[in-house]
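Given the structure is predicted, the values throughout are model-derived calculations rather than measurements.
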Amino acid sequence: MKIYSTKDIRNVVLLGSSKSGKTTLAESMLYEGKVIDRRGSIEGKNTVSDNSEIEQNLQHSIYATPLYAEFMDTKFNIIDSPGADDFIGGAVAAFKVCENAILVINAQQGVEVGSNLFARYANKYNVPLVIAVNQLDSDKADWENTLASLKSSFGKKAVLVQFPTSVGANFDGFIDVLKMKYYKFTDENGTRESLEIPEEFKEEAEKYHQELVESAAEFDDGLMEKFFEAGSLSEEEIRAGLSKAIANGDLMPVFCLSAKKDIGVKRLMEFSINTLYSPVNTKNLMTNSQEMECKQEAPTSIFIYKTDIEAHLGEVSYFKVMSGELTEGLDLEDAVTGHRERITSIYAVAGSKKEKVSELMAGDIGCTVKLRHSKTNITYSHPGTNIIFEPIKLPEAKYRCAIKAKSQNDETKLGEALNKLATQDPTLIVEYSKELKQTIISGQGEQHINLIKYKIEHDYHIDIELFAPKIPYRETITKIASANYRHKKQSGGAGQFGEVHMLICPISDEFPFTNKFKIDGKDVSFNVKGQESFELPWGGKLEYYNCIVGGAIDSRFMPAILKGINDKMSEGPLTGSYARDLRVFVYDGKMHPVDSNEISFVLAARNAFKEAFRNAGPKIMEPIYDVKITTPAEYLGACMSDLNTRRAMIMNQDMDKGFTVLYARVPLAELYRYSTALSSLSAGAATFTMKFADYQAVPTDVQNKLLAEYMANEEKED
């Protein structure tokens, strides 16, 4: 393969709903680019993109696969992304390294929920879109319905470059209103004839050509002036106007395809090369908020956007050359850690096929192997340049569950497997909760987590089970209470003795700080000798006040009392959950000149705290999440009814490009498998995001249920 300069590279991510035909389109692109001489099919399980066993069995993409084609003296880098929202991480990573996207629309369905979802993601990450209406050869293809859905979803942004002369089994060509030509295809290998527009389509072609010209001129003052003077624009001028408008996200040109029959694929690639931006037009954001141009003359830097483990190769690092020239044997540095790596080999990638090359220029995409410290989101650059690019910003997890090996002997192996999988897939979050004593995995949905289960069982041969995780409740108090406890033990040798008197009260707006209280009906004022305040690791605060006077307890035992309080706060008196937001005043006690020691005061403090806590109007608090649901209007009622069953509080309602957006606050305890439930009640049309908000007290009936469950478990353990 020849080496391509930055201006002769196009990087494109294929987006679209499942079954829209992205992988089939990629196959035809590779065929047109002479990477393959025979096109595979999804049904034949022999496509270049879907090359893993699970993708072939399921017959849809799970991984974002990098590919390339050489076409019109240009290297066309393609990333074929999955169509399911559960695997959105692949598309989001591709947005980091691709300047352009092609949104594939199934002509049988029109613009689907997934189409809109990917369009919103592309807009969020500032990646311009070209629309390819695919499967126009299908018996159920409906061009008019598809066109209407495009206008409904994207408005004036969707502008036709082509329209079909027929759809269904007879689809064999289209009118291109940019070139004002009729392209007729004579076989299923992309062979085409360029003909004059038939008489019956001339009026329609002129109408769409005029719309295209006006759209191209609308966003460029110079072209608008020429258009007013001449009444039209040349093809080159139209292309220039479109190029600028597409790059700014103002226009989405629409093309006609049958990827399966290779109809329109070559023309789509021609347009992409002639009109879409090359990497030389881009600037990449660095962590210091500065931008760096993608130039061959700049210092060499690469960004790792994907990491994988492949048979016979080991760990493979997929990257984009962000600047400079990458050559074999070059030493690069991670400016964050100082680790240096030698690039011993460079490959151009087409699925599982990897072609060795000696160098890649700025803007190109490739891979290398055997980097010692490589992970996704790492920048490697010429030593001393301190170039660090902004990491990929992945969506928040939407599905969480607990995981464990069925055999205790496999727990270590499971931990190692999860760490490897999380390295390959940054949307998989793995954490061991010391609080819950569970390993929790979080991902983008139940399909995503089921894929992880499949890989653990089939690739790592570990039998596992997934189940609902415990909820990280918190405990606090709503009233003031005092208690004292004497720990006394005598067993023949050295004894133990410690007595602690304490008062606790909430930290809240209702209880501003004071040192004046009523204990056993008497007014008392504490003389605060020492005060410590702690931001607790699990959230909330602890304020600890030493109010001991007259030497009732020696100062050397005060840290032991604090330790006893902390011990019990990390294992709350109600359900064993963390306690938070408390003021503790230690105001009296007793000690023994011989038998008092640190452990005596730790135990006395623990028990005094426990008793006071239970008398202080204790409340269990639960994590509340901000949930944003985006749904078509016809499913709004079902979504709201379901939220009501989940103790949700609906905060607001909005509209976004034809979709209704619900904003709600929902307890985490009610969100287990919510992604699956939402998909079921909306026929896959609704999507959601969730983010931790705060902790709130649980309702009384829920608290009573939790207390009963905790007591039953304690009795069972006893």
Side-chain angles (χ1 to χ4, degrees), residues 85-86 88 92 113-114 116-117 119-121 123-125 153 393-401 427 429 440 442-446 468-476 478 506-510 538-540 577 580-581 619-703 705-706:
D85 188 31
D86 280 36
I88 189 65
V92 172
V113 172
N116 271 300
L117 177 67
R120 289 200 299 270
Y121 273 117
N123 181 63
K124 177 180 177 181
Y125 291 93
S153 295
K393 295 177 181 176
L394 295 163
E396 296 280 345
K398 293 178 284 192
Y399 188 97
R400 64 193 293 273
C401 66
T427 60
I429 300 168
I440 309 293
S442 304
Q444 293 300 306
E446 193 164 5
K470 297 175 185 175
I471 302 300
Y473 292 107
R474 297 288 180 264
E475 299 179 14
T476 192
T478 60
I507 297 177
S508 70
D509 293 340
E510 294 178 41
W538 50 84
S577 304
R580 56 178 281 172
D581 298 325
K619 289 294 291 183
I620 298 172
M621 302 177 73
E622 63 181 339
I624 304 296
Y625 276 67
D626 284 328
V627 177
K628 176 184 174 184
I629 301 115
T630 303
T631 178
E634 60 262 37
Y635 299 110
L636 177 61
C639 290
M640 294 182 74
S641 296
D642 181 71
L643 286 172
N644 288 332
T645 68
R646 297 174 185 274
R647 297 193 285 121
M649 180 180 292
I650 296 173
M651 309 299 291
N652 198 5
Q653 185 176 318
D654 204 353
M655 295 296 294
D656 181 19
K657 297 177 182 175
F659 286 80
T660 302
V661 182
L662 281 175
Y663 298 89
R665 307 194 86 203
V666 190
L668 178 62
E670 305 292 343
L671 286 171
Y672 179 57
R673 300 193 69 197
Y674 180 62
S675 61
T676 307
L678 183 64
S679 178
S680 176
L681 65 88
S682 67
T687 61
F688 83 106
T689 60
M690 55 184 280
K691 190 172 184 179
F692 173 75
D694 59 15
Y695 272 87
Q696 291 184 3
V698 301
T700 302
D701 60 326
V702 176
Q703 175 155 322
K705 181 182 175 183
L706 292 171

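Between the CG atom in Asp694 and the CD1 atom in Ile624 there is a gap of 7.0 Å [rounded to 0.5 Å]. Remark: Met690 CE to Ser442 OG distance equals 8.0 Å, nearest 0.5 Å. The distance from atom CE of Met655 to atom OG1 of Thr660, rounded to the nearest 0.5 Å, is 4.0 Å. Rounded to the nearest 0.5 Å, atoms OG1 (Thr476) and CD1 (Ile620) are 11.5 Å apart. Between atom OG1 of residue Thr631 and atom CG of residue Leu681 there is a gap of 8.0 Å, rounded to the nearest 0.5 Å. To the nearest 0.5 Å, atom CZ of residue Arg673 and atom OG of residue Ser679 are 11.5 Å apart.
For the residue pair Gln444 / Thr427, no side-chain donor-acceptor distance below 3.5 Å is found, with atom types taken as modelled.
Annotation: side chain of Leu668 is in contact with side chain of Pro472 (closest heavy-atom distance under 4.5 Å). Taking the side chain as every heavy atom from C-beta outward, Arg580 and Tyr695 approach each other to under 4.5 Å. Phe659 places none of its side-chain heavy atoms less than 4.5 Å from the side chain of Asp654. Within the 4.5 Å cutoff, side-chain heavy atoms of Arg665 are placed close to those of Met651. Annotation: side chain of Pro506 is not in contact with side chain of Asp581 (no heavy-atom distance under 4.5 Å).
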Could you give me the CA-CA distance, side-chain angles and deciding distance for Ile629 and Thr687, then say whether side-chain contact (heavy atoms from CB on, under 4.5 Å) is met?
CA-CA 6 Å; Ile629 301 115; Thr687 61; over 6 Å; no

Run the side-chain contact (heavy atoms from CB on, under 4.5 Å) test on Asp85 and Tyr121 for me, step by step, so that the C-alpha distance in whole Å, both residues' side-chain angles and the decisive distance to 0.1 Å come before the verdict.
CA-CA 11 Å; Asp85 188 31; Tyr121 273 117; 3.9 Å; yes

Give the C-alpha distance, both sets of side-chain angles, the deciding distance and a yes or no for salt bridge (Lys or Arg N to Asp or Glu O under 4.0 Å) between Arg646 and Asp642.
CA-CA 7 Å; Arg646 297 174 185 274; Asp642 181 71; 2.8 Å; yes

Could you give me the CA-CA distance, side-chain angles and deciding distance for Lys628 and Thr689, then say whether side-chain contact (heavy atoms from CB on, under 4.5 Å) is met?
CA-CA 5 Å; Lys628 176 184 174 184; Thr689 60; 3.6 Å; yes

Give the intermediate values and the outcome of side-chain contact (heavy atoms from CB on, under 4.5 Å) for residues Met649 and Leu643.
CA-CA 8 Å; Met649 180 180 292; Leu643 286 172; over 6 Å; no

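A donor-acceptor distance shorter than 3.5 angstrom exists from the side chain of Ser641 to the backbone of Gly637, with no hydrogens or angles considered.
In this structure, Cys401 and Pro469 approach most closely via the heavy-atom pair CA-CD, 3.7 Å. Nearest heavy atoms, Lys398 versus Phe688: CD-O, 2.8 Å. Closest heavy-atom contact between Ile471 and Ala669: CD1-CA, 3.6 Å.
Of the residues Gln703, Arg647, Arg474, the one that meets the side chain to side chain donor-acceptor pair (under 3.5 Å) test with Glu622 is Arg647. Of the candidates Tyr674, Phe692, Tyr663, Phe692 is the only one forming a ring-ring contact (aromatic ring centres under 6.0 Å, His included) with Tyr625.
Cation-pi geometry between Arg120 and Tyr125 is not met at under 6.0 angstrom from the ring centre and within 45 degrees of the axis.
Aromatic ring orientation, Tyr399 versus Tyr672: tilted (interplanar angle from 30° to 60°).
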